[in-house]
Amino acid sequence: MSIKALLEQRVLAAMAATGIPQDCPAHITASTRPEFGDFQANGAMAAAKQLKSNPRELAGRIIEHLDLSDMASNIEIAGPGFINIKLSDAFVAQQLLALSGDEKLGAELPSSQTVVVDYSSPNLAKEMHVGHLRSTIIGDAVARTLEFLGHDVIRQNHMGDWGTQFGMLIAELEEHLGEGERPELALGDLEIFYQQAKKHFDEDAAFAEKARHYVVKLQSGDEHCRKLWQQFIDTSVAHSEAVYLNLNVTLKHSDIHPESAYNDDLANVIQDLQRQQLAVEDQGARVVFLQELADKQGNPSPVIVQKSGGGYLYATTDLAALRYRSKQLNADRILYFIDARQSLHMKQVFTLAKKAGFVREQISLEHHPFGTMMGKDGKPFKTRSGGTVKLTDLLQEAVERACALVQGKNPELDIDEVAIIGRKVGIGAVKYADLSKTRTNDYIFDWESMLSFEGNTAPYLQYAYTRIRSIFRRAGINFEAPVGAILIESSQEKALAMQLLQFGQVLDQLAREACPHVLCNYLYDLASHFMSFYEHCPILKEDVSEGTRDSRLGISCLTANVLAKGLDLLGIEVMEQM
């Protein structure tokens, strides 16, 4: 149990003993200033209002029944009725020692859930570009964290591998193969291939007609078209998986459950909606009108689920996917990481899925939108010529810049070491610059700030980790050695200890809100607290007693472990030296 939860339990018991109704909360918060102690219990004021009594007097009566003798060194009333609680150094040391032996580092799991996480989901008609970065790395950080907490996480990469554009693409591929070219060579650059196919489609009426015909044949299961389509898909997927490997993302081939996987269920979706009289014909199309999402004038929100020509839409596929995830995968939560422009679409699909009974009533359907990566000009990030930036090119540039930076700071490192460190620093910098921003906000992409060794950046945190490792190398001590007794002897030690003890709460918040920036901010504060501790609390100096040295080494080791685990949950690697 976390310190905050333990305090809440004790304060609520004291409030009950005072005669305060059980529905009154304890309102336990971490103190914002050290002179106010470590925690505040602010429930007396709300309870006093309900009981029409004096809040300061009520706080005094609560303290009379509050037993924190094993936890606190001081309890006092402040202001109109705040109860300030200062934890004893001995209790903090005891909690820190327990944390060092906990493989979950203080993380708690009330009950395990099956959580489906839908993220990345690139369109296989084109190479992955910077627009796919946020979904991929935010979704992956949340999936990693949920898994670490003990949930059963099912990753779903809903790749776009179906639709009218594929008739054009497989017709173009057929012509290349007819000239003796191998598919992997023809599709070596998906952007160029797509542009060639589009140009061919626009300028050659016979080719355009063939492409339209191939769409119909593909959807009807024609063996030749399916074979061409599969060759295109295999090459496209290989492009995406190379990016995932470079990005240190946990998505695997087995996580791919693309749009085409739901083809056989789309007609059933329409039939079920019609049977329930939810879908009606409107100008030849099948439409559901959702009164639940009506506009200010009372007009219902229309959801087209089948075109007048019989074709299906994204909404149809998404409804089939929700049904599969609820009924087949037995999900308790389904998290979608899709940009904010799809907010209305997701509201419509969620509302309709529940209304039609495609998902269980108690399931949690969650769209976690995100903002856009912007250039320094305040516009969506583009190449200098105004084109789309390929994700693989962006990551390559990140590694090249990081390698140059590492070599400049450590000219004694050999080229292989520079390459290994540069890859971890470069990829980590790109990911952290994104993950450290509030998910729903746009952010400015800036090489200089993200690769800085100062401030809230991945290189700063990676350096903090390597600095701790270097302490153990200098001491000639095994880093994994068991921690002995912990002593809290200074304000810097206590501040660092209190930060370490909050790790589990931060992960719980990340899992609930799907916001990785809370973990980034926590890790930055942790590294900053360690730097203050390192400056004020000598570890290896001759005049430091053996007990104090061992305690400070133990605190340092625990800090490194939390930093490494936190960065790992963000998908960022650490190294022994930089």
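The two residues A331 and I363 have their closest heavy-atom pair at O-CD1, 3.2 Å. The minimum heavy-atom distance between R439 and P369, with the atom names listed, is NH1-O, 2.7 Å. Across all their heavy atoms, V117 and F337 have their closest contact at CG1-CE1, 3.6 Å. Annotation for H224 and E174: closest pair NE2-OE2, 2.6 Å, computed over non-hydrogen atoms. Smallest separation of non-hydrogen atoms from T392 and V243: CB-CG2, 4.4 Å. Listed here is the closest heavy atom pair of P302 and V287: CB-CG1, 4.0 Å.
For the atom pair OG1 of T136 and CG of L251, the computed distance is 7.0 Å after rounding to the nearest 0.5 Å. To the nearest 0.5 Å, the span separating NE2 on H132 from NE2 on H129 amounts to 4.0 Å. M450 CE to K431 NZ: the interatomic distance, rounded to the nearest 0.5 Å, is 13.5 Å. Between the CG atom in N123 and the CH2 atom in W162 there is a gap of 13.5 Å [rounded to 0.5 Å]. The CD atom of E513 lies 8.5 Å from the CG atom of L510; values are rounded to the nearest 0.5 Å. Taking OH of Y194 as the start and OG of S236 as the end, the distance is 12.5 Å to the nearest 0.5 Å.
Side-chain atoms of Q276 come within 3.5 Å of backbone N or O of A356 as a donor-acceptor pair. When atom types are taken as modelled, the side chain of D255 and the backbone of N157 share no donor-acceptor pair closer than 3.5 angstrom. Within the 3.5 Å criterion, the main-chain N or O of L335 finds no donor-acceptor partner in the side chain of D118. With Q291 contributing its side chain and G298 its backbone, the two residues share a donor-acceptor pair below 3.5 Å. Using a distance-only test at 3.5 Å, with no hydrogens or angles considered, no donor-acceptor pair links the side chain of K210 to the main chain of M168. Judged by distance alone, with hydrogens and angles left aside, the side-chain atoms of S326 form no donor-acceptor pair with the main-chain N or O of L322 at under 3.5 Å. Judged purely by atom type and a 3.5 angstrom limit, Y465 has no side-chain atom pairing as donor or acceptor with the backbone of A564. Side-chain atoms of T316 come within 3.5 Å of backbone N or O of V305 as a donor-acceptor pair. Checking side-chain atoms of S364 against main-chain N and O of R333 turns up no donor-acceptor pair under 3.5 Å. In this structure, T235 contributes its side chain and Q231 its backbone to a donor-acceptor pair below 3.5 Å.
A 4.5 Å side-chain heavy-atom check between L451 and T457 finds every atom pair outside the cut-off. Residues E108 and D508 have side chains not in contact (no heavy-atom distance under 4.5 Å, counting atoms from C-beta outward). Considering only heavy atoms from C-beta on, V237 stays 4.5 Å or farther from D161 through its side chain. Within the 4.5 Å cutoff, side-chain heavy atoms of L394 are placed close to those of F445. Under the 4.5 Å side-chain criterion, counting only non-hydrogen atoms from C-beta, K355 is in contact with L290. At least one side-chain heavy atom of Q505 sits under 4.5 Å from a side-chain heavy atom of S2. Side chains of L293 and K347 form a contact here, defined as non-hydrogen atoms less than 4.5 Å apart. You'll find the side chain of I170 reaches within 4.5 Å of the side chain of C225, heavy atoms only.
Two rings, from Y522 and F503, have their centers less than 6.0 Å apart. Between H257 and Y324, a ring centre-to-centre spacing shorter than 6.0 Å is recorded. Taking the six-membered ring where the residue is Trp, the centroids of Y460 and F453 are separated by 6.0 Å or more. Here F207 and H200 bring their ring centres to under 6.0 angstrom of each other. In this structure, Y262 has its ring center closer than 6.0 angstrom to the ring center of H158.
Salt-bridge formation is not detected for the pair K379/D377: no Lys NZ or Arg NE/NH1/NH2 atom is positioned less than 4.0 Å from an Asp or Glu carboxylate oxygen. In summary, E223 and K227 do not engage in a salt bridge, as defined by a charged side-chain N under 4.0 Å from a carboxylate O. Between K126 and E191 there is no salt bridge, since none of the side-chain N atoms of the basic residue sits less than 4.0 Å from a carboxylate O of the acidic one. Salt bridge K199/D202: absent, no basic N to carboxylate O contact under 4.0 Å. With respect to the salt-bridge test (charged N to carboxylate O, under 4.0 angstrom), the residues R144 and D140 qualify. Salt bridge status for K390 with D189: present, with a side-chain N to carboxylate O gap under 4.0 Å.
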Worksheet item: Would R341 and D339 satisfy salt bridge (charged side-chain N to carboxylate O under 4.0 Å, His left out), going step by step from the backbone distance to the final call?
Response: CA-CA 6 Å; R341 292 171 295 179; D339 75 40; 2.7 Å; yes

Worksheet item: Stepwise, does the side-chain contact (heavy atoms from CB on, under 4.5 Å) test hold for I154 with V115?
Response: CA-CA 6 Å; I154 302 174; V115 187; over 6 Å; no

Worksheet item: Between T372 and R134, does a side-chain contact (heavy atoms from CB on, under 4.5 Å) hold up when you go through it step by step?
Response: CA-CA 8 Å; T372 304; R134 301 209 75 185; over 6 Å; no

Worksheet item: Run the side-chain contact (heavy atoms from CB on, under 4.5 Å) check on F193 and H176 step by step: do they pass?
Response: CA-CA 10 Å; F193 184 85; H176 282 266; 3.7 Å; yes

Discussion item. Apply side-chain contact (heavy atoms from CB on, under 4.5 Å) to residues D272 and R275 and explain how you reach the verdict.
Written reply: CA-CA 5 Å; D272 288 346; R275 190 182 68 252; 2.7 Å; yes

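Residues D332 and H151 bring no donor and acceptor atom of their side chains to less than 3.5 Å of each other. For the 3.5 Å distance criterion, the side chains of E400 and Q396 qualify, holding a donor opposite an acceptor. Side chains of D234 and Q230: a donor on one and an acceptor on the other come within 3.5 Å. Using modelled atom types, one finds a donor on one side chain and an acceptor on the other under 3.5 Å when comparing Q348 with S301. Under the 3.5 Å distance criterion, with hydrogens and angles disregarded, no donor-acceptor pair is assigned to the side chains of Q342 and H367. Inspection of the S120 and Y244 side chains reveals an N or O donor paired with an N or O acceptor under 3.5 Å.
Aromatic ring orientation, F232 versus F166: perpendicular (interplanar angle above 60°, classes split at 30° and 60°).
Y312 does not carry K307 over the face of its six-membered ring by the limits of under 6.0 Å from the centre and within 45° of the normal. Seen from the ring of F358, R323 counts as a face-on cation partner, given the 6.0 Å and 45° thresholds.
Within 6.0 Å of CG on D295 lie more than 12 heavy atoms contributed by other residues, nucleotides or ligands. Within a 6.0 Å radius of CD1 in I304, other residues, nucleotides and ligands contribute 12 heavy atoms or fewer. By the neighbour-count criterion of 12 heavy atoms within 6.0 Å, atom OH of Y314 is sparsely surrounded, having that number or fewer from other residues, nucleotides or ligands.
Tested against Y119 for a side chain to side chain donor-acceptor pair (under 3.5 Å), the candidates R155, Q156, H368 yield a single pass: R155.
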